[in-house]
Every structure is written in structure tokens, then in C-alpha cells.
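Structure first, commentary second.
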Number of protein chains: 2
Amino acid sequence: MEEQLTTRQVAEALSVSESSVKRWCDRGVIPTVRTVGGHRRIPLPQFLEFLQETDRKLVAPLPTSLKTSSMPTAPLGAGKASAEAQLDLQREFGQSLRDGDLATCRELALRWYAQHGGLAQLADELIASNMELLGHQWEQGEAQVYQERRGCEICSTIIHELNRLIPEVPASSPLALGCTPSGDPYCLASQLAELVLRESHWRAENMGTNVPLSSVTAAVLEKRPRLLWLSVSHIENQSAFVDSYQEMMRTIPEHVVVVIGGRGLTDELRPRLKYTAHCDNMVQLTSFARALHGRRPEITASDN
Amino acid sequence: MEEQLTTRQVAEALSVSESSVKRWCDRGVIPTVRTVGGHRRIPLPQFLEFLQETDRKLVAPLPTSLKTSSMPTAPLGAGKASAEAQLDLQREFGQSLRDGDLATCRELALRWYAQHGGLAQLADELIASNMELLGHQWEQGEAQVYQERRGCEICSTIIHELNRLIPEVPASSPLALGCTPSGDPYCLASQLAELVLRESHWRAENMGTNVPLSSVTAAVLEKRPRLLWLSVSHIENQSAFVDSYQEMMRTIPEHVVVVIGGRGLTDELRPRLKYTAHCDNMVQLTSFARALHGRRPEITASDN
DNA sequence: GCCAAAATCGTTCATTTCGACCACATCGTC
DNA sequence: GACGATGTGGTCGAAATGAACGATTTTGGC
């Protein structure tokens, strides 16, 4: 039960046509095995060998696990529980994040994406949890501030790159707008929200950090989104926040769905706010967003 | 992800014969990879680097992601002053930035890069100047805050994408570290510094925003960079800043080159700081960085 | 286990690129 | 001006590439 690639996967990874890959296989340049039905399958080790021998680099990520450069270790028996492998990946990502190793982080993220496919889980379990861990380490003096900030930069880079892996959202999709409010400089959560909403076929636009709610109101009035998300990690002045929030909710149209989330929204604060949904993580946001805007292109909007 | 060009595409973009392109590739002037069948393929980053190093201009649009859809005109006879076309591009970018039109901004930036080749000029004249303009408009009530913040997000996205157009920096290159100090949340300048330093073949690592100078010191001591940049847009407490700055300069090794820049460094403040160089923009930073670390790739000398 | 959808097969065909060669223009030197 | 060295643009048959097609296999849901 070893990993194998199809001609199409190889073609996309090298950005050449499928025809060429087939020809190369037939010529023996890429060692190939055949299924009983005659389809070509390229074992991953052979493919890596081919990459090395012809001095070729991947131009697109492989849809399965792969370490491009070194790291011949970690062969990971398939027998091993995938949950455990998942934990390993998560830990390794955290370590690379602390070390400031963007390349490894990128690779691990792509691997996670290829294996699990869900950006929301990636956002929660790879990025959010590890950044939270890094924050704890910093608070306890186990990590430097610059490591935490650099980790933010690395995650931001990866989020931007993941964005490019998502198929373009049609202009007919509903619009979602979001940001962090005044005084909240923590940009990652809002960037992640944009990412997972796009994955769920929303036309998501992140307005960034530190946006006064009065300006959010203006944005909503002008762009008329279907959904508005607010990521609140930190609040400077609670009562001022509640006031401006209530003012915003009075002004924007009724039909705008407001989703809020973030550590800043304590159990005590939330009852004072009116909103459509509260999300603790990106998995919740995704499932809510999909419930609102089913991603079926097909009709029959009834039931399930 | 990483696009590749054929000899014909390059030839048309430069309006030279295909034979010449092939010869240049074979001589190593344009780094080339080969398909399995022996066809030449030029990775986009290498091509852009070639453009820049030989001071060549694009005369026809590239058939890749840099397609020009939004501007049906612009056949740009060499007769028309390119300076004027440049201004048009600059203005159009600013407009799209205000409108939150990422796609158009991306296109314009790529076009600028392909035509003028210098990321530093792009950073100064497209991004910095337009963000400054947007800031002014906001101050004078001509633009909403959210438009300014969104503009930041768009620019950040574009910077991340431009990073992928730069050929990978060899691990033997000198290391550059940088960030913005405590209380300064303005991330773009530092991201631009990272970008243009990479373009000049530095191994640049941006540590992000809001990093206490004490932690910067720790980073320098641990990673031992050759260059340290500080982008200072805003200072909360001047005397505290000067104190921590001087403390940092006392602690880090002598041989570390310290480059500072940003609006926050007023004429009055600068004399109180010790530094290697002060830069008002990215063009200056680039020329300084290149003086320090020459970028000439060695000779031809191969052939036979 | 069965069925429909999706992916891959082998093949053919038009287009592009290769490598090699040649004609011509532009230099700098004698 | 003759000369060689060098760079450019063009042509040619051979080879590689990429896209198309109907037929077959694999996949995934029930």
C-alpha cells in the first residue's frame, strides 16, 4: 500500500500536458507500473527519483504527501493511525513556526491540505492552535516576542498562498465583508476567515485590522454584503465597543448576517451584543457559511 | 504556481528573434530549464531577473498571468513618453486601490514590474505613494477608513505575490533581519523592505510589526544577520524609544549594518540615534543594499 | 454488488520547438 | 578598405509537445 500518482497528478505537478507524461512513462524516463486495467501509476519514490535525476523542480504542489528536498526519514507506515500522524504534523509545524522556517511550514501546510482537504481544519489545528501555543510560550518566557511576531508573518504568507489554491469565486456569489475592530491589531483570524469563506464559495473581502465600527457601517452600506464577520481578539474599551457596536447594528440593514468571533468576546460581553452567529473557530464558521450559502450549483433548494 | 515561458513567448515579449533567445539561453544569460524532450523553458522569475539585469523593457505583454484586460488601449508606441504611461498606471493603481479591486491592482503591478523591472521603483511609486495618497484622502474625509485598511490588505497580498516572482535566494547570501518597533502597527514598509532586499539577493526575513527593540536585540544575537532594518512609521513615546534604541545599539555586534527609515524618524529625532544608513524610500534601500552585497552573477565562460 | 460519473487509455493530428546551418549586419583592428 | 570576430535573423527536416477523440477502466455512492 504505497503511494502512487496518476498521470494527471504528475502532469499538474510539472505543469506539462498529460500526453507528455504518458509519453515519458512509455519511454521509460519515468518508471511506471500498471493497474490490471492498464492505467499507468507512478510510485512516489520513483517519481522523486525522476525529479532528482533530471534535476527538475515541482511547479505545483503534489496532491499527496511529499517532502521536496531532504528528509528521507519519516516514512510513516500507513498502518499508523492517521490521527497520530496528524498530531506529528501539527507539532512539527509548531516547531518550524518557532524556528522561523517558512519553507518547512509551507510544505507542511500543503501536505495537510492535500491529505485532509479542509482549509477550516487547517486554519484551526495547524495555524490557530500553534499560534496560540506560541503566544503561551511567549507569555511564559519560553519564546521571544520576535518569534511570535515572525510566526504571524509566516502564517500570513501561507494564508496568502493558500488563497491561490482556491478556485476563483464566481462574481455571482454572495459577498462577505469582515475585519477586526478598532484597537485590535491581530490580523490572522480575519485573514483566515476570508480564506475559509472563499473556500465555501463566498466572495470574501477582508478589510484588515483596526477598522472603526463606524467605518464598517459605511462599508456595509456601500457594498451591501450578505455577511459581515468581525474578529475580536482584543478590546481596549469595552463600553465604547459595545456602544459603537450597537450603533452599527442599528444602522446596517436587517438582512445582513453578522458573525462574530475571537477571544475578545467573553461570556460576559456577548449577551450585550446582538448578532446572527458566534463562532469559536473556523470549522464552525465554515459550516455556518455553508448552511447559509449551499455550495451546490444545482437547484431544488428544499430539505437537507 | 510557478509559470514557465517558451522561447517563442520570450522572443515576442522582447521582439527579438527566437534564434537570439535560444542563443542567450545556451550562453547562460537567461537561466533555462529543459523539458524531458529537450525543449527550453524559462521560469518567470528568471526571466524577470534577466529583464532587470540587462535593463531590457517588455514591448509586448506576456501571455501568462500578466495579461492586460482592463486597458484595451496602451499599445504604447515608443513615441509616447513612457513617463506619461507610467503616470497613468500609477493613477489607475491608486483608483483600483481605493475601489478595493485586488484583481486590477495585481494586474497593474505585474505589468509595471515587467515593463520597468525594478521592484524598488514599484514599491515607491506604485505602493508607497498611493498608500500615502489614500492616507491623505482619509484624513481629509475624502475616503473612508475601511478603504485605507483594505488598501493595506491588497498591497500586502500583492507584496506576497511579488515575492514568489523573485528567484530563490541562495542560502549562502548574507542575512538581513527587520521589523517595526513597539507601537508601530504599519506593516507595509517592512514587508516592502523584505521584498526589495530579496530582489537584491539578500536572505531577508521580516519579523513583522510591533517588536520591542529588546527582542530585536535577542533576534540579532541569535541569528547574527549582516543587516538590520527598522521601519519606523509611528513612535508612541520618543524618549523611551531613544533609550531602548541606544540600549540595542550598545548590545548588538559592531559589524551589524543598521538601516532605518520611515516617517516616524523626524529630522529632530535622527541626530539622537546611531545608525549606518537612513533611507527615505526603497530605491535608496536597494542601492545601499547592493553596494554592500554586489549582485553580479559571474561571467559566461561556459559554452564549448 | 450495481450503476453512473469521472478519470484514464491509446491514438491521431496540428502546432511548436529543436539543432544545425547559412546569410547578413556590426563592430574593432590592422 | 580588408579582415576576422561576433551578434542577429531566417530556414529546414526531425522531434517534442499539447489537444482532441471514442473506448475502457476506476471511483464513489447507494
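Proteins get letters first, then strands, A, B, ... in listed order; numbering begins at 1 in each.
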* Roughly, in whole Å, what's the span from CD1 in A:Ile42 to C1' in C:dA7? -> 14 Å
* Once you round it to whole Å, what is the distance between P of C:dT15 and CD of B:Glu12? -> 16 Å
Mind listing the N/O atom pairs, protein and nucleotides 1-5 of chain C, below 3.5 Å?
none

* Return yes if some donor-acceptor pair links the side-chain N/O of A:His160 with the main-chain N/O of A:Ser156 below 3.5 Å, else return no. => yes
* Structure fact -> Of all heavy-atom pairs linking A:Lys223 and A:Leu175, the shortest is O-CD2, 3.5 Å
* Taking all atoms of both residues into account, what is the closest heavy-atom pair of A:Val169 and A:Arg198, and its distance? -> CG2-O, 3.8 Å
* Asked: A:Trp24 side chain to B:Val36 main-chain N or O, any donor-acceptor pair under 3.5 Å?
  -> no
* How many Å lie between CG on A:Leu5 and P on D:dT26, as a whole number? -> 17 Å
* Asked: Distance-only, no hydrogens or angles: does the A:Asn163 side chain make a donor-acceptor pair with backbone N or O of A:Ile159 under 3.5 Å?
  -> yes
* Could you state the atom-to-atom distance from CG of A:Asp26 to P of C:dT12 in whole Å? => 14 Å
* Nearest atoms (heavy-atom pairs only) where B:Val196 meets B:Ala123 -> CG1-CB, 4.5 Å
* Least distance between heavy atoms, B:Leu197 atom then B:Ala289 atom -> CD2-CB, 3.5 Å
* Asked: Side chain of B:Glu199, backbone of B:Ile166: donor and acceptor closer than 3.5 Å?
  -> no
* What string of B, S and - do you get for nucleotides 8-17 of chain D, 5' to 3', if B is base contact, S is sugar-phosphate-only contact and - is no contact with any protein heavy atom under 4.0 Å? -> BBB-----SB
* Summarise how protein sits on nucleotides 22-28 of chain C as a single string, 5' to 3': B when a protein heavy atom is under 4.0 Å from the base, S for sugar-phosphate-only contact, - for no contact. => -------
* Asked: Just one of A:Leu97, A:Leu126, A:Leu102 clears the side-chain contact (heavy atoms from CB on, under 4.5 Å) bar with A:Cys155, so which one?
  -> A:Leu97
* What closest approach, in Å, do A:Thr32 and A:Arg41 show between heavy atoms, and which atom pair accounts for it? -> CG2-O, 3.4 Å
* To do: Return the set of residues passing side-chain hydrogen bond (donor to acceptor under 3.5 Å, both in side chains) with A:Glu18 (not counting sequence neighbours), or none when no residue passes.
  => none
* Please report, rounded to the nearest Å, how far the P atom of D:dG18 is from the CD atom of B:Gln4. => 10 Å
* Structure fact -> One should read off an interatomic distance between A:Leu285 CG and A:Leu192 CG, to the nearest 0.5 angstrom, of 10.0 Å
* Asked: Can you name the residues that form a salt bridge (charged side-chain N to carboxylate O under 4.0 Å, His left out) with A:Glu12, not counting sequence neighbours?
  -> A:Arg8
* Respond yes when some side-chain nitrogen or oxygen of B:Arg34 is under 4.0 Å from OP1 or OP2 of C:dG19, and no when none is. => yes
* Asked: What dot-bracket string describes DNA chain C from 5' to 3', counting Watson-Crick and G-U wobble pairs whose defining distances are under 3.5 Å, with [ ] for crossing pairs and | for pairs to another strand?
  -> ||||||||||||||||||||||||||||||
